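First the structure, in the form of structure tokens, and then the observations on it.
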Protein chains: 2
Amino acid sequence: MDLCIDIARAIDPVSHVQARARLECTACSVRSLAVCAAMKPRELMELDAIMRPSQVQAKTTFISEGEAASSVYTINEGSARLYKLLSDGRRQIIGFALPGDFLGLALRETYGFSADALEPTRMCRFDRVDFNGLVSGHPDLSTRLHDMATSELLIAQDQMMILGRRNAEERIAGFLVNMRNRWARIRGPSVTVPLPMQRLDIADSLGLTIETVSRTLSRFARDKVILMVPDGVRILNEKMLLKMADQ
Amino acid sequence: MDLCIDIARAIDPVSHVQARARLECTACSVRSLAVCAAMKPRELMELDAIMRPSQVQAKTTFISEGEAASSVYTINEGSARLYKLLSDGRRQIIGFALPGDFLGLALRETYGFSADALEPTRMCRFDRVDFNGLVSGHPDLSTRLHDMATSELLIAQDQMMILGRRNAEERIAGFLVNMRNRWARIRGPSVTVPLPMQRLDIADSLGLTIETVSRTLSRFARDKVILMVPDGVRILNEKMLLKMADQ
DNA sequence: CGCGGCCTTGAGAAATGTCAACTTACGTGG
DNA sequence: CCACGTAAGTTGACATTTCTCAAGGCCGCG
């Protein structure tokens, strides 16, 4: 069951494709961050030809662990949680996807994780077979994917350290620093860190409970390290936060 | 400081290279498992030309986190622990390398982890620049590396679930099942699982303490799920072990 | 035989989890 | 516009798991 809403392509006559191409990939606001960063104008038109704009509402599951991996995605606007479930319902969030992020690096025949939108989210969807076909003809793109896979692996290894050897305070501090750095690359530096996910999502990404996350954030706020604001935090004492994150 | 002992090449006259090639890569016992699995005879000779046999004693550190990533390795015989350290000495083992494993998938300009041999270990060492040069001329090899990176990422995601959401019993049971499966691919199926690492290494890979590992293994042995043997365990009740690992 | 490294076991401590109550924010319908 | 209901977040009290510290055992090796 496909919960995504594919717009444009389904209703656009073929003759409109080129017009849309110029509006979409070429004009894309997150292109410099995404897999398509290094592509030339002509390549972008090829990419555009197989791109399907897609948007989902908050909470919508658009990738389900174990199902046939038919599509790959780039996040355009919005955000998503990527997670794995145990048979008894325990959940581990393996990452959050923000604008520019690519979902589809580590794919076998089936998806290895599930993904839900955290808020109304726009994505570029690509048929996986089409996408692989395009990649095989473009060494630059292939290299870019390899670089992104390398990054992901390094991030995953850092996450193992966080989950295996850091305490709750270090995990939360590190999480906030990490989110700040990720948003900085998207929207530029800011002491206000958007947190589109709920406390339970933070807990499930850090291997903690919602209560421990809440208590730790409250303590940070009480100690004037952060200020809690709607859907995020403002960093008041960066030095202290970095020290607690041991970074 | 390079702690590896490079043999053969340093003393071999160039004229002997071809002879060594036939003895080394072509006759390699772990080739079917390694990065070089899909290579044709002629390609193997190219690989051999840049390969440097290397062997290290137990406990030798041959990769140091943060140092310039000059070499990549394939394990031939023996095993290694790959780990990251925090400034206060806490250690997270991010994986164990067994025969056939490739070290060098997730490389930036510096190594992202350290590696020590667990026992006397023989490796194929490649200069990273030479290796990349060879890869870029061989799409098969490139594909193989991409597949291996994908595998690593999936394994890393599973490890996040283990570290974030599983209890000590599940971690240990899962670890044993996992090691059994890895050895099965190398030496064929067996209920005897070699464990070349110490208890402290197991603890540091599972985010536990040595005492918790020891207690849990003792309990498994008391419950006749395993039998502890020198440098490993024998699985007595596979069904129970799989159940505890939730696999 | 004695030493050192590794492992095991026990007892008590600490961090985090669990359960429950309460607060806050927000959207909906009267 | 307010009252209500619901979802999310916070806080407290207590439980549990795992850690810490300490002692002792095992075993290979000089």
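On a predicted model such as this, the values are computed, not experimentally measured, just so you know. Residue numbers begin at 1 in each chain, while the letters A, B, ... track the order of the sequences.
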Step by step, would you call D246(A) with S87(B) a side-chain contact (heavy atoms from CB on, under 4.5 Å)?
CA-CA 8 Å; D246(A) 189 28; S87(B) 50; 3.1 Å; yes
Please walk me through it: do R234(B) and T192(B) pass side-chain hydrogen bond (donor to acceptor under 3.5 Å, both in side chains)?
CA-CA 4 Å; R234(B) 187 165 302 161; T192(B) 301; 3.1 Å; yes
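Using a 4.0 Å cut-off between charged side-chain N and carboxylate O, E169(A) and R219(A) make a salt bridge. Comment: D204(B) does not engage R81(B) in a salt bridge, judged by the lack of any side-chain N to carboxylate O separation of less than 4.0 angstrom. A salt bridge links R90(B) with E170(A): at least one charged nitrogen is closer than 4.0 Å to a carboxylate oxygen.
Geometrically, R91(B) engages Y83(B) in a cation-pi contact defined by less than 6.0 Å to the ring centre and at most 45° from the axis.
Rounded to whole angstrom, the span from the CZ atom of R91(B) across to the P atom of dC19(D) amounts to 15 Å. The distance from atom CD1 of I172(B) to atom P of dC7(C) is 13 Å, rounded to the nearest whole Å. Between the CZ atom of F220(B) and the C1' atom of dT8(C) there is a distance of 16 Å, rounded to whole Å. With rounding to whole Å, D201(B) atom CG is found 12 Å from dC6(C) atom C1'. In this entry the distance linking CD of E119(A) with C1' of dC26(C) reads 18 Å, nearest Å. In this structure, L206(A) atom CG and dG17(C) atom C1' are separated by 15 Å, rounded to whole Å. To the nearest angstrom, C1' of dT18(D) lies 14 Å from CD of E170(B). Atom CG in D88(A) sits roughly 15 Å away from atom C1' in dT18(C) (whole-Å rounding).
Taking CD of Q157(B) as the reference point, atom CG of L82(A) lies at 8.0 Å (rounded to 0.5 Å).
Between L195(A) and F175(A), the shortest heavy-atom distance links the atoms CD2-CE2, 4.0 Å.
A donor-acceptor distance shorter than 3.5 angstrom exists from the side chain of S218(A) to the backbone of S214(A), with no hydrogens or angles considered.
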Could you write out DNA chain C as a dot-bracket string, with dots for unpaired bases, | for bases paired across to another strand, and Watson-Crick or G-U pairs counted at under 3.5 Å?
||||||||||||||||||||||||||||||
Walk along nucleotides 7-17 of chain D from 5' to 3' and tag each nucleotide B, S or - by protein heavy-atom contact under 4.0 Å, base first, then sugar-phosphate.
-SSBBBB----
